[in-house]
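Accompanying notes for the structure given below.
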There are 2 protein chains.
Amino acid sequence: MRLLLIEDERELAAALSVALSKHGIVTDHTMHLADAFELTRQNAYDAILLDRRLPDGEGLTFIPKLRRAGIDTPIIVLTARNEPLERVEGLDFGADDYLGKPFLVEELMARVRAVLRRPPNLAEPDIVAGRMMIDPLHLNVTVDSTPLDLPRRELLVLVALAKRKDKTVLRSTLEAAVYNYEEEIQSNALDAHISRLRKRLLDANAGVAVHNIRGVGYLLKEE
Amino acid sequence: MRLLLIEDERELAAALSVALSKHGIVTDHTMHLADAFELTRQNAYDAILLDRRLPDGEGLTFIPKLRRAGIDTPIIVLTARNEPLERVEGLDFGADDYLGKPFLVEELMARVRAVLRRPPNLAEPDIVAGRMMIDPLHLNVTVDSTPLDLPRRELLVLVALAKRKDKTVLRSTLEAAVYNYEEEIQSNALDAHISRLRKRLLDANAGVAVHNIRGVGYLLKEE
DNA sequence: AGCTCCGCAATGCTGCTGCAACCTTGGCAG
DNA sequence: CTGCCAAGGTTGCAGCAGCATTGCGGAGCT
(Lines give C-alpha, C1' and ligand atoms only; values in the text may rest on other atoms or scores of the structure.)
Protein backbone atom coordinates (compact mmCIF):
# COMPACT_ATOMS: atom_id res chain seq x y z
CA MET A 1 0.00 0.00 0.00
CA ARG A 2 1.21 3.45 -0.88
CA LEU A 3 0.16 6.73 0.67
CA LEU A 4 0.87 10.33 -0.08
CA LEU A 5 1.42 12.48 2.97
CA ILE A 6 1.04 16.20 2.55
CA GLU A 7 2.24 17.76 5.79
CA ASP A 8 4.54 20.63 6.67
CA GLU A 9 5.65 19.58 10.13
CA ARG A 10 8.79 17.65 9.43
CA GLU A 11 8.94 15.79 12.69
CA LEU A 12 5.38 14.61 12.57
CA ALA A 13 5.81 13.54 8.97
CA ALA A 14 8.94 11.57 9.77
CA ALA A 15 7.35 9.88 12.74
CA LEU A 16 4.30 8.98 10.71
CA SER A 17 6.35 7.53 7.91
CA VAL A 18 8.13 5.26 10.34
CA ALA A 19 4.96 4.23 12.06
CA LEU A 20 3.18 3.52 8.81
CA SER A 21 6.09 1.56 7.46
CA LYS A 22 5.60 -0.88 10.30
CA HIS A 23 2.21 -1.54 8.79
CA GLY A 24 3.79 -2.25 5.47
CA ILE A 25 2.82 1.08 4.05
CA VAL A 26 5.03 3.08 1.76
CA THR A 27 4.73 6.80 2.27
CA ASP A 28 5.64 9.58 -0.09
CA HIS A 29 6.00 12.90 1.62
CA THR A 30 5.77 16.45 0.42
CA MET A 31 5.26 19.80 2.09
CA HIS A 32 3.80 21.66 -0.87
CA LEU A 33 0.53 21.39 -2.67
CA ALA A 34 2.17 22.08 -6.00
CA ASP A 35 4.45 19.07 -5.60
CA ALA A 36 1.60 17.00 -4.34
CA PHE A 37 -0.40 17.49 -7.49
CA GLU A 38 2.52 16.44 -9.62
CA LEU A 39 3.06 13.36 -7.49
CA THR A 40 -0.54 12.22 -7.81
CA ARG A 41 -0.22 12.35 -11.56
CA GLN A 42 2.84 10.14 -11.53
CA ASN A 43 1.82 7.62 -8.90
CA ALA A 44 -1.29 5.67 -8.13
CA TYR A 45 -1.76 6.19 -4.40
CA ASP A 46 -4.15 4.16 -2.32
CA ALA A 47 -4.94 7.16 -0.17
CA ILE A 48 -3.82 10.69 0.56
CA LEU A 49 -3.24 12.19 4.00
CA LEU A 50 -3.70 15.92 3.87
CA ASP A 51 -2.89 18.67 6.35
CA ARG A 52 -5.00 21.81 6.28
CA ARG A 53 -2.38 24.42 7.17
CA LEU A 54 0.32 24.38 4.54
CA PRO A 55 3.00 26.84 3.47
CA ASP A 56 1.35 27.40 0.11
CA GLY A 57 -2.26 27.57 1.18
CA GLU A 58 -5.26 25.89 2.72
CA GLY A 59 -5.00 22.15 2.16
CA LEU A 60 -8.71 21.71 1.52
CA THR A 61 -8.51 23.58 -1.76
CA PHE A 62 -6.38 20.73 -3.02
CA ILE A 63 -9.32 18.33 -2.95
CA PRO A 64 -11.54 19.88 -5.63
CA LYS A 65 -8.48 20.41 -7.76
CA LEU A 66 -7.66 16.74 -7.57
CA ARG A 67 -11.23 15.65 -8.22
CA ARG A 68 -11.49 17.89 -11.23
CA ALA A 69 -8.42 16.19 -12.58
CA GLY A 70 -10.34 12.93 -12.35
CA ILE A 71 -8.35 11.53 -9.46
CA ASP A 72 -10.58 9.73 -7.00
CA THR A 73 -8.03 8.62 -4.47
CA PRO A 74 -9.52 8.65 -0.97
CA ILE A 75 -8.40 11.62 1.09
CA ILE A 76 -8.08 11.81 4.86
CA VAL A 77 -7.62 15.24 6.32
CA LEU A 78 -5.30 15.49 9.31
CA THR A 79 -5.49 18.68 11.24
CA ALA A 80 -5.43 20.47 14.53
CA ARG A 81 -8.52 22.36 13.43
CA ASN A 82 -10.93 19.88 14.85
CA GLU A 83 -14.08 21.78 15.73
CA PRO A 84 -17.27 20.08 14.59
CA LEU A 85 -18.08 22.76 12.05
CA GLU A 86 -14.56 22.62 10.69
CA ARG A 87 -14.95 18.91 10.24
CA VAL A 88 -18.18 19.50 8.34
CA GLU A 89 -16.36 21.93 6.12
CA GLY A 90 -13.59 19.46 5.45
CA LEU A 91 -15.90 16.62 4.58
CA ASP A 92 -18.02 18.78 2.33
CA PHE A 93 -14.93 19.81 0.43
CA GLY A 94 -14.79 16.21 -0.64
CA ALA A 95 -12.59 14.62 1.97
CA ASP A 96 -13.40 11.02 2.74
CA ASP A 97 -12.53 11.33 6.38
CA TYR A 98 -11.32 13.87 8.86
CA LEU A 99 -9.05 13.16 11.77
CA GLY A 100 -8.12 15.64 14.46
CA LYS A 101 -4.60 15.95 15.83
CA PRO A 102 -3.31 14.52 17.97
CA PHE A 103 -4.32 11.02 17.01
CA LEU A 104 -3.15 7.47 17.54
CA VAL A 105 -1.46 5.89 14.57
CA GLU A 106 -3.74 2.95 15.23
CA GLU A 107 -6.75 5.09 14.60
CA LEU A 108 -5.28 6.53 11.44
CA MET A 109 -4.60 3.02 10.20
CA ALA A 110 -8.12 1.95 10.99
CA ARG A 111 -9.52 4.91 9.10
CA VAL A 112 -7.31 4.23 6.13
CA ARG A 113 -8.52 0.66 6.06
CA ALA A 114 -12.11 1.83 6.39
CA VAL A 115 -11.74 4.26 3.51
CA LEU A 116 -10.28 1.58 1.29
CA ARG A 117 -13.16 -0.79 1.74
CA ARG A 118 -15.36 -0.25 -1.21
CA PRO A 119 -19.01 -1.01 -1.65
CA PRO A 120 -19.39 -3.09 -4.81
CA ASN A 121 -22.22 -2.85 -7.27
CA LEU A 122 -24.93 -5.43 -7.15
CA ALA A 123 -26.83 -4.07 -10.12
CA GLU A 124 -28.32 -6.35 -12.72
CA PRO A 125 -26.52 -5.52 -15.94
CA ASP A 126 -28.31 -3.76 -18.75
CA ILE A 127 -29.23 -5.78 -21.79
CA VAL A 128 -28.29 -4.47 -25.20
CA ALA A 129 -30.36 -5.62 -28.16
CA GLY A 130 -30.33 -3.84 -31.49
CA ARG A 131 -30.68 -0.16 -30.76
CA MET A 132 -32.29 -0.93 -27.46
CA MET A 133 -30.91 -0.84 -24.00
CA ILE A 134 -32.93 -2.53 -21.29
CA ASP A 135 -32.53 -2.20 -17.56
CA PRO A 136 -34.42 -5.23 -16.26
CA LEU A 137 -34.31 -4.07 -12.67
CA HIS A 138 -35.98 -0.74 -13.20
CA LEU A 139 -37.99 -1.82 -16.22
CA ASN A 140 -36.34 0.86 -18.24
CA VAL A 141 -36.13 0.74 -22.02
CA THR A 142 -34.36 3.18 -24.28
CA VAL A 143 -33.84 3.27 -28.05
CA ASP A 144 -30.77 5.20 -29.06
CA SER A 145 -30.81 6.47 -25.48
CA THR A 146 -34.23 8.08 -25.76
CA PRO A 147 -36.74 6.53 -23.42
CA LEU A 148 -39.36 4.22 -24.85
CA ASP A 149 -42.73 4.36 -23.20
CA LEU A 150 -44.39 0.93 -23.16
CA PRO A 151 -47.55 -0.24 -21.45
CA ARG A 152 -46.91 -2.45 -18.48
CA ARG A 153 -47.85 -5.81 -19.97
CA GLU A 154 -45.96 -5.22 -23.19
CA LEU A 155 -43.01 -4.07 -21.17
CA LEU A 156 -43.01 -7.24 -19.11
CA VAL A 157 -43.15 -9.36 -22.24
CA LEU A 158 -40.23 -7.46 -23.73
CA VAL A 159 -38.08 -7.77 -20.64
CA ALA A 160 -38.79 -11.48 -20.34
CA LEU A 161 -37.75 -11.95 -23.95
CA ALA A 162 -34.72 -9.73 -23.66
CA LYS A 163 -33.41 -11.64 -20.67
CA ARG A 164 -33.14 -14.65 -22.95
CA LYS A 165 -32.21 -12.84 -26.12
CA ASP A 166 -31.63 -15.18 -29.08
CA LYS A 167 -33.13 -18.05 -27.14
CA THR A 168 -36.66 -19.34 -27.24
CA VAL A 169 -38.92 -18.42 -24.37
CA LEU A 170 -41.75 -20.82 -23.71
CA ARG A 171 -45.22 -19.49 -24.04
CA SER A 172 -45.92 -20.57 -20.50
CA THR A 173 -42.87 -18.67 -19.27
CA LEU A 174 -44.11 -15.51 -20.87
CA GLU A 175 -47.52 -15.95 -19.37
CA ALA A 176 -45.91 -16.38 -15.99
CA ALA A 177 -43.89 -13.22 -16.50
CA VAL A 178 -46.93 -11.14 -17.27
CA TYR A 179 -49.69 -12.65 -15.21
CA ASN A 180 -49.75 -13.86 -11.68
CA TYR A 181 -51.43 -17.09 -10.85
CA GLU A 182 -54.60 -15.33 -9.82
CA GLU A 183 -55.15 -13.77 -13.20
CA GLU A 184 -56.26 -16.46 -15.59
CA ILE A 185 -56.64 -15.53 -19.19
CA GLN A 186 -59.24 -17.16 -21.36
CA SER A 187 -58.27 -15.67 -24.66
CA ASN A 188 -55.35 -14.77 -26.82
CA ALA A 189 -54.42 -11.82 -24.66
CA LEU A 190 -50.74 -12.71 -24.78
CA ASP A 191 -50.79 -12.86 -28.57
CA ALA A 192 -52.42 -9.48 -28.60
CA HIS A 193 -49.63 -8.06 -26.47
CA ILE A 194 -47.01 -9.54 -28.73
CA SER A 195 -48.71 -7.99 -31.69
CA ARG A 196 -48.91 -4.57 -30.15
CA LEU A 197 -45.35 -4.82 -28.91
CA ARG A 198 -44.14 -5.64 -32.40
CA LYS A 199 -45.86 -2.61 -33.79
CA ARG A 200 -44.32 -0.38 -31.18
CA LEU A 201 -40.84 -1.80 -31.71
CA LEU A 202 -41.23 -1.23 -35.42
CA ASP A 203 -42.41 2.34 -34.99
CA ALA A 204 -39.53 3.04 -32.65
CA ASN A 205 -37.07 1.47 -35.08
CA ALA A 206 -35.70 -0.58 -32.23
CA GLY A 207 -33.59 -2.89 -34.33
CA VAL A 208 -35.04 -6.08 -32.92
CA ALA A 209 -37.78 -8.46 -33.94
CA VAL A 210 -39.96 -10.89 -32.06
CA HIS A 211 -40.03 -14.27 -33.80
CA ASN A 212 -42.54 -16.98 -33.20
CA ILE A 213 -41.58 -20.60 -32.73
CA ARG A 214 -44.69 -22.42 -33.64
CA GLY A 215 -46.10 -24.51 -30.86
CA VAL A 216 -43.29 -23.57 -28.47
CA GLY A 217 -42.96 -19.90 -27.76
CA TYR A 218 -41.20 -16.75 -28.87
CA LEU A 219 -37.72 -15.42 -29.40
CA LEU A 220 -36.16 -11.96 -29.51
CA LYS A 221 -33.55 -11.41 -32.19
CA GLU A 222 -31.62 -8.47 -33.53
CA GLU A 223 -32.38 -7.87 -37.15
CA MET B 1 -31.81 9.23 0.61
CA ARG B 2 -32.78 6.50 2.99
CA LEU B 3 -31.06 5.47 6.20
CA LEU B 4 -31.51 2.70 8.70
CA LEU B 5 -31.11 3.80 12.29
CA ILE B 6 -30.34 1.11 14.84
CA GLU B 7 -30.65 2.76 18.21
CA ASP B 8 -32.34 1.83 21.47
CA GLU B 9 -32.86 5.26 22.96
CA ARG B 10 -36.29 6.12 21.76
CA GLU B 11 -36.01 9.84 22.29
CA LEU B 12 -32.70 10.17 20.53
CA ALA B 13 -33.98 8.08 17.67
CA ALA B 14 -37.12 10.17 17.31
CA ALA B 15 -35.19 13.41 17.48
CA LEU B 16 -32.72 12.17 14.90
CA SER B 17 -35.47 11.07 12.55
CA VAL B 18 -37.00 14.50 12.68
CA ALA B 19 -33.67 16.25 12.27
CA LEU B 20 -32.66 14.06 9.36
CA SER B 21 -36.01 14.47 7.67
CA LYS B 22 -35.31 18.16 7.49
CA HIS B 23 -32.31 17.26 5.42
CA GLY B 24 -34.53 15.26 3.14
CA ILE B 25 -33.54 11.94 4.59
CA VAL B 26 -36.02 9.17 5.16
CA THR B 27 -35.19 7.14 8.22
CA ASP B 28 -36.30 3.66 9.19
CA HIS B 29 -35.78 2.94 12.84
CA THR B 30 -35.38 -0.23 14.82
CA MET B 31 -34.10 -1.06 18.27
CA HIS B 32 -33.09 -4.64 17.62
CA LEU B 33 -30.32 -6.18 15.60
CA ALA B 34 -32.56 -9.01 14.52
CA ASP B 35 -35.07 -6.63 12.98
CA ALA B 36 -32.28 -4.62 11.48
CA PHE B 37 -30.98 -7.58 9.56
CA GLU B 38 -34.40 -8.30 8.15
CA LEU B 39 -34.85 -4.68 7.14
CA THR B 40 -31.56 -4.56 5.29
CA ARG B 41 -32.66 -7.54 3.26
CA GLN B 42 -35.87 -5.83 2.27
CA ASN B 43 -34.62 -2.32 1.61
CA ALA B 44 -31.68 -0.80 -0.14
CA TYR B 45 -30.37 1.71 2.37
CA ASP B 46 -27.84 4.34 1.47
CA ALA B 47 -26.25 4.03 4.86
CA ILE B 48 -26.75 2.52 8.30
CA LEU B 49 -26.38 4.34 11.61
CA LEU B 50 -25.50 1.88 14.32
CA ASP B 51 -25.42 2.21 18.07
CA ARG B 52 -22.99 0.01 19.98
CA ARG B 53 -25.00 -0.70 23.11
CA LEU B 54 -28.18 -2.48 22.15
CA PRO B 55 -30.68 -4.63 24.03
CA ASP B 56 -29.73 -7.73 22.10
CA GLY B 57 -26.01 -7.27 22.05
CA GLU B 58 -23.00 -5.27 20.97
CA GLY B 59 -23.86 -3.38 17.80
CA LEU B 60 -20.47 -3.96 16.24
CA THR B 61 -21.14 -7.67 15.84
CA PHE B 62 -23.82 -6.69 13.38
CA ILE B 63 -21.26 -5.45 10.88
CA PRO B 64 -19.52 -8.73 10.02
CA LYS B 65 -22.88 -10.44 9.91
CA LEU B 66 -24.07 -7.94 7.34
CA ARG B 67 -20.90 -8.15 5.31
CA ARG B 68 -21.04 -11.91 5.24
CA ALA B 69 -24.53 -11.62 3.82
CA GLY B 70 -23.04 -9.62 0.97
CA ILE B 71 -24.50 -6.30 2.05
CA ASP B 72 -21.99 -3.51 1.69
CA THR B 73 -24.05 -0.57 2.79
CA PRO B 74 -21.83 2.00 4.48
CA ILE B 75 -22.10 1.91 8.25
CA ILE B 76 -21.54 4.78 10.64
CA VAL B 77 -21.24 3.84 14.29
CA LEU B 78 -22.82 6.26 16.75
CA THR B 79 -21.79 5.79 20.31
CA ALA B 80 -20.90 7.26 23.63
CA ARG B 81 -17.89 4.95 23.67
CA ASN B 82 -15.57 7.34 22.01
CA GLU B 83 -12.08 6.56 23.25
CA PRO B 84 -9.47 6.34 20.49
CA LEU B 85 -8.97 2.62 20.95
CA GLU B 86 -12.69 2.04 20.86
CA ARG B 87 -12.86 3.93 17.61
CA VAL B 88 -10.14 1.72 16.19
CA GLU B 89 -12.10 -1.30 17.26
CA GLY B 90 -15.23 -0.01 15.59
CA LEU B 91 -13.54 0.74 12.31
CA ASP B 92 -11.75 -2.58 12.24
CA PHE B 93 -15.04 -4.33 12.68
CA GLY B 94 -15.85 -2.95 9.28
CA ALA B 95 -17.53 0.32 10.09
CA ASP B 96 -16.99 3.04 7.52
CA ASP B 97 -17.00 5.81 10.06
CA TYR B 98 -17.30 6.34 13.76
CA LEU B 99 -18.96 9.27 15.45
CA GLY B 100 -18.95 9.94 19.18
CA LYS B 101 -22.02 11.11 21.05
CA PRO B 102 -22.96 13.80 21.50
CA PHE B 103 -22.62 15.13 17.99
CA LEU B 104 -24.05 17.86 15.79
CA VAL B 105 -26.57 16.70 13.24
CA GLU B 106 -24.60 18.84 10.82
CA GLU B 107 -21.54 16.70 11.36
CA LEU B 108 -23.50 13.51 11.00
CA MET B 109 -24.90 14.79 7.71
CA ALA B 110 -21.46 15.69 6.48
CA ARG B 111 -20.14 12.26 7.39
CA VAL B 112 -23.05 10.57 5.68
CA ARG B 113 -22.34 12.58 2.57
CA ALA B 114 -18.66 11.72 2.79
CA VAL B 115 -19.39 8.03 3.15
CA LEU B 116 -21.71 8.12 0.15
CA ARG B 117 -19.05 9.80 -1.94
CA ARG B 118 -16.64 6.97 -1.54
CA PRO B 119 -15.78 4.92 -4.57
CA PRO B 120 -17.40 3.66 -6.59
CA ASN B 121 -20.14 6.11 -5.78
CA LEU B 122 -17.55 8.80 -6.45
CA ALA B 123 -18.69 12.30 -5.93
CA GLU B 124 -22.37 12.52 -6.72
CA PRO B 125 -22.24 15.09 -9.45
CA ASP B 126 -24.76 17.84 -9.98
CA ILE B 127 -27.52 16.90 -12.35
CA VAL B 128 -28.40 19.17 -15.20
CA ALA B 129 -31.89 18.86 -16.61
CA GLY B 130 -33.46 21.50 -18.77
CA ARG B 131 -32.82 24.81 -17.07
CA MET B 132 -32.41 23.07 -13.76
CA MET B 133 -29.33 22.20 -11.83
CA ILE B 134 -29.72 19.76 -8.97
CA ASP B 135 -27.27 18.92 -6.22
CA PRO B 136 -28.56 15.57 -5.02
CA LEU B 137 -26.42 15.49 -1.90
CA HIS B 138 -27.39 18.85 -0.52
CA LEU B 139 -30.82 18.88 -2.13
CA ASN B 140 -30.31 22.18 -3.84
CA VAL B 141 -32.30 23.00 -6.92
CA THR B 142 -31.75 26.03 -9.10
CA VAL B 143 -33.41 27.21 -12.30
CA ASP B 144 -31.18 29.44 -14.38
CA SER B 145 -29.04 29.65 -11.24
CA THR B 146 -31.76 31.16 -9.10
CA PRO B 147 -32.69 28.84 -6.26
CA LEU B 148 -35.98 27.00 -6.48
CA ASP B 149 -37.78 26.53 -3.22
CA LEU B 150 -39.73 23.29 -3.06
CA PRO B 151 -41.65 21.60 -0.27
CA ARG B 152 -39.74 18.70 1.20
CA ARG B 153 -41.74 15.85 -0.28
CA GLU B 154 -41.89 17.36 -3.72
CA LEU B 155 -38.17 17.98 -3.52
CA LEU B 156 -37.50 14.33 -2.69
CA VAL B 157 -39.64 13.20 -5.58
CA LEU B 158 -37.82 15.53 -7.93
CA VAL B 159 -34.37 14.43 -6.83
CA ALA B 160 -35.30 10.77 -7.08
CA LEU B 161 -36.51 11.37 -10.61
CA ALA B 162 -33.54 13.52 -11.54
CA LYS B 163 -31.07 10.90 -10.40
CA ARG B 164 -32.47 8.70 -13.10
CA LYS B 165 -33.19 11.35 -15.67
CA ASP B 166 -34.62 9.91 -18.89
CA LYS B 167 -35.14 6.60 -17.16
CA THR B 168 -38.21 5.20 -15.55
CA VAL B 169 -38.42 5.30 -11.80
CA LEU B 170 -40.68 2.68 -10.32
CA ARG B 171 -43.59 3.89 -8.31
CA SER B 172 -42.36 1.83 -5.40
CA THR B 173 -38.96 3.46 -5.64
CA LEU B 174 -40.50 6.87 -5.40
CA GLU B 175 -42.57 5.86 -2.43
CA ALA B 176 -39.44 4.53 -0.76
CA ALA B 177 -37.67 7.80 -1.46
CA VAL B 178 -40.33 9.83 0.26
CA TYR B 179 -41.82 7.69 2.99
CA ASN B 180 -40.43 5.36 5.61
CA TYR B 181 -42.12 2.14 6.46
CA GLU B 182 -43.97 3.59 9.40
CA GLU B 183 -45.72 6.20 7.31
CA GLU B 184 -48.33 4.25 5.46
CA ILE B 185 -50.18 6.13 2.82
CA GLN B 186 -53.71 5.10 2.12
CA SER B 187 -54.39 7.47 -0.68
CA ASN B 188 -52.91 8.95 -3.77
CA ALA B 189 -50.58 11.21 -1.82
CA LEU B 190 -47.71 10.48 -4.17
CA ASP B 191 -49.83 11.37 -7.18
CA ALA B 192 -50.75 14.61 -5.50
CA HIS B 193 -47.10 15.46 -4.98
CA ILE B 194 -46.36 14.73 -8.60
CA SER B 195 -49.18 16.94 -9.67
CA ARG B 196 -48.08 19.84 -7.50
CA LEU B 197 -44.47 19.36 -8.50
CA ARG B 198 -45.48 19.56 -12.15
CA LYS B 199 -47.25 22.80 -11.56
CA ARG B 200 -44.25 24.28 -9.81
CA LEU B 201 -41.87 23.14 -12.52
CA LEU B 202 -44.14 24.71 -15.08
CA ASP B 203 -44.40 27.98 -13.19
CA ALA B 204 -40.66 28.11 -12.78
CA ASN B 205 -40.19 27.34 -16.46
CA ALA B 206 -37.76 24.62 -15.50
CA GLY B 207 -37.53 23.06 -18.92
CA VAL B 208 -38.37 19.56 -17.78
CA ALA B 209 -41.50 17.47 -17.64
CA VAL B 210 -42.58 14.54 -15.51
CA HIS B 211 -44.03 11.77 -17.65
CA ASN B 212 -46.11 8.93 -16.39
CA ILE B 213 -45.60 5.36 -17.44
CA ARG B 214 -48.84 3.68 -16.78
CA GLY B 215 -48.64 0.84 -14.33
CA VAL B 216 -44.89 1.26 -13.90
CA GLY B 217 -43.83 4.64 -12.62
CA TYR B 218 -42.63 8.03 -13.72
CA LEU B 219 -39.85 9.55 -15.75
CA LEU B 220 -38.21 12.96 -15.87
CA LYS B 221 -37.47 14.30 -19.32
CA GLU B 222 -36.23 17.54 -20.75
CA GLU B 223 -38.76 19.10 -23.03
C1' DA C 1 -52.93 34.39 14.12
C1' DG C 2 -51.28 33.50 9.51
C1' DC C 3 -48.85 30.64 6.66
C1' DT C 4 -47.37 26.47 4.14
C1' DC C 5 -47.23 21.70 3.73
C1' DC C 6 -49.48 17.48 3.42
C1' DG C 7 -52.72 13.65 3.51
C1' DC C 8 -57.11 12.59 2.05
C1' DA C 9 -60.99 11.96 -0.96
C1' DA C 10 -64.17 13.13 -4.87
C1' DT C 11 -64.26 13.83 -9.61
C1' DG C 12 -63.19 13.35 -14.38
C1' DC C 13 -60.48 11.39 -17.89
C1' DT C 14 -57.17 8.64 -20.56
C1' DG C 15 -55.65 4.71 -22.65
C1' DC C 16 -54.41 -0.03 -21.31
C1' DT C 17 -56.24 -4.51 -21.56
C1' DG C 18 -59.04 -8.57 -22.17
C1' DC C 19 -62.01 -10.25 -25.37
C1' DA C 20 -63.70 -11.88 -29.60
C1' DA C 21 -64.18 -11.80 -34.41
C1' DC C 22 -61.74 -12.34 -38.33
C1' DC C 23 -57.49 -12.90 -41.13
C1' DT C 24 -52.86 -15.10 -42.20
C1' DT C 25 -49.42 -18.60 -42.08
C1' DG C 26 -47.28 -23.03 -41.80
C1' DG C 27 -47.45 -27.97 -41.65
C1' DC C 28 -49.21 -32.10 -43.21
C1' DA C 29 -51.83 -35.69 -45.58
C1' DG C 30 -53.80 -37.33 -49.51
C1' DC D 1 -50.07 -29.65 -55.77
C1' DT D 2 -54.02 -28.82 -53.15
C1' DG D 3 -56.93 -28.54 -49.34
C1' DC D 4 -57.50 -28.46 -44.52
C1' DC D 5 -56.70 -27.26 -39.87
C1' DA D 6 -54.51 -25.54 -36.02
C1' DA D 7 -51.54 -21.96 -34.35
C1' DG D 8 -50.60 -17.46 -34.58
C1' DG D 9 -51.57 -12.31 -36.08
C1' DT D 10 -54.37 -8.25 -36.17
C1' DT D 11 -57.75 -5.03 -34.78
C1' DG D 12 -62.15 -2.71 -32.97
C1' DC D 13 -64.55 -2.28 -28.83
C1' DA D 14 -66.16 -1.79 -24.12
C1' DG D 15 -64.90 -1.71 -19.37
C1' DC D 16 -62.21 -0.21 -15.95
C1' DA D 17 -57.77 0.43 -13.52
C1' DG D 18 -54.71 3.95 -12.94
C1' DC D 19 -53.64 8.71 -13.13
C1' DA D 20 -54.48 14.02 -12.81
C1' DT D 21 -56.41 17.57 -10.58
C1' DT D 22 -58.28 20.19 -6.86
C1' DG D 23 -60.60 21.66 -2.53
C1' DC D 24 -60.63 20.79 2.30
C1' DG D 25 -59.01 20.48 6.93
C1' DG D 26 -55.48 19.30 10.21
C1' DA D 27 -50.81 19.85 11.72
C1' DG D 28 -46.65 22.29 12.27
C1' DC D 29 -43.85 26.45 12.00
C1' DT D 30 -42.86 31.43 12.48
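Side chains are part of it too, since the values below use all heavy atoms of this structure and drop only hydrogens, waters and symmetry mates. We name chains A, B, ... by the order of the sequence lines, and we start the count at 1 in each one.
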When the side chains of residues 198-206 of chain A are checked against the rest of the protein, which donor-acceptor pairs come out under 3.5 Å, sequence neighbours left out?
residue	atom	partner	partner atom	Å
A:R198	NE	A:V210	O	3.1
A:R198	NH2	A:V210	O	2.9
A:R200	NH1	A:E154	OE1	2.9
A:R200	NH1	A:E154	OE2	3.1

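Using a 4.0 Å cut-off, no side-chain N or O of B:S195 falls inside it from OP1 or OP2 of D:dA20. Contact check, A:H193 against C:dC16: no side-chain N or O comes under 4.0 Å of OP1 or OP2. Taking side-chain N and O atoms only, B:Y218 has a distance below 4.0 Å to OP1 or OP2 of D:dA20. Between A:R171 and D:dG8 there is a side-chain polar atom (N or O) within less than 4.0 angstrom of OP1 or OP2.
A residue-by-residue look at A:N188 and B:K199 shows that A:N188 has its nearest nucleotide of DNA chain D further toward the 5' end. Take the nearest nucleotide of DNA chain C for B:R153 and for A:R214: the residue whose nucleotide is more 5' is B:R153.
Remark: C1' of C:dC6 and OH of B:Y179 are 8 Å apart, rounded to the nearest angstrom. Residue B:L190 contributes atom CG, which lies 12 Å from atom C1' of C:dG7 at whole-angstrom precision. B:D191 has its CG atom 18 Å from the P atom of C:dC13, to the nearest Å. B:L197 has its CG atom 14 Å from the P atom of D:dT22, to the nearest Å. Summarising the geometry, the separation between CD1 on A:I194 and P on D:dT10 is reported as 10 Å, rounded to the nearest angstrom. Atom CG in B:L156 sits about 13 Å away from atom C1' in C:dC5, given to the nearest Å. Following rounding to the nearest Å, A:R200 (CZ) and C:dG15 (P) show an atom-to-atom distance of 11 Å. The distance from atom CD of A:E154 to atom C1' of C:dG18 is 13 Å, rounded to the nearest whole Å.
Counted within 6.0 Å of CE on B:M133, heavy atoms from surrounding residues, nucleotides or ligands total 12 or fewer; the atom is thus considered open.
Nearest nucleotide to the B:A192 side chain, out of C:dC8, C:dC19, C:dC5: C:dC8. Minimum atom distance to the side chain of B:R198 is reached by D:dA20, of the listed D:dG23, D:dA20, D:dG9.
Of the charged side-chain nitrogens involved, none lies within less than 4.0 Å of a carboxylate oxygen, so that B:K165 and B:D126 do not count as a salt-bridged pair. Contact check on B:D28 versus B:R2 returns a salt bridge, with a Lys/Arg side-chain nitrogen under 4.0 Å from an Asp/Glu carboxylate oxygen. Between A:D149 and B:K221 there is no salt bridge, since no side-chain nitrogen of the basic residue lies less than 4.0 Å from a carboxylate oxygen of the acidic one.
The residue B:R196 sits close to a base: some heavy atom pair falls under 4.0 Å.
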Where each pair must be Watson-Crick or G-U wobble with both distances under 3.5 Å, what dot-bracket representation of DNA chain C is obtained, with crossing pairs in [ ] and other-strand partners as |? ||||||||||||||||||||||||||||||
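Using a 30° and 60° split on the angle between ring planes, B:F62 and B:F37 fall in the perpendicular class, above 60°.
Atom-to-atom distance recorded for B:T79:OG1 and B:E7:CD is 9.0 Å, nearest 0.5 angstrom.
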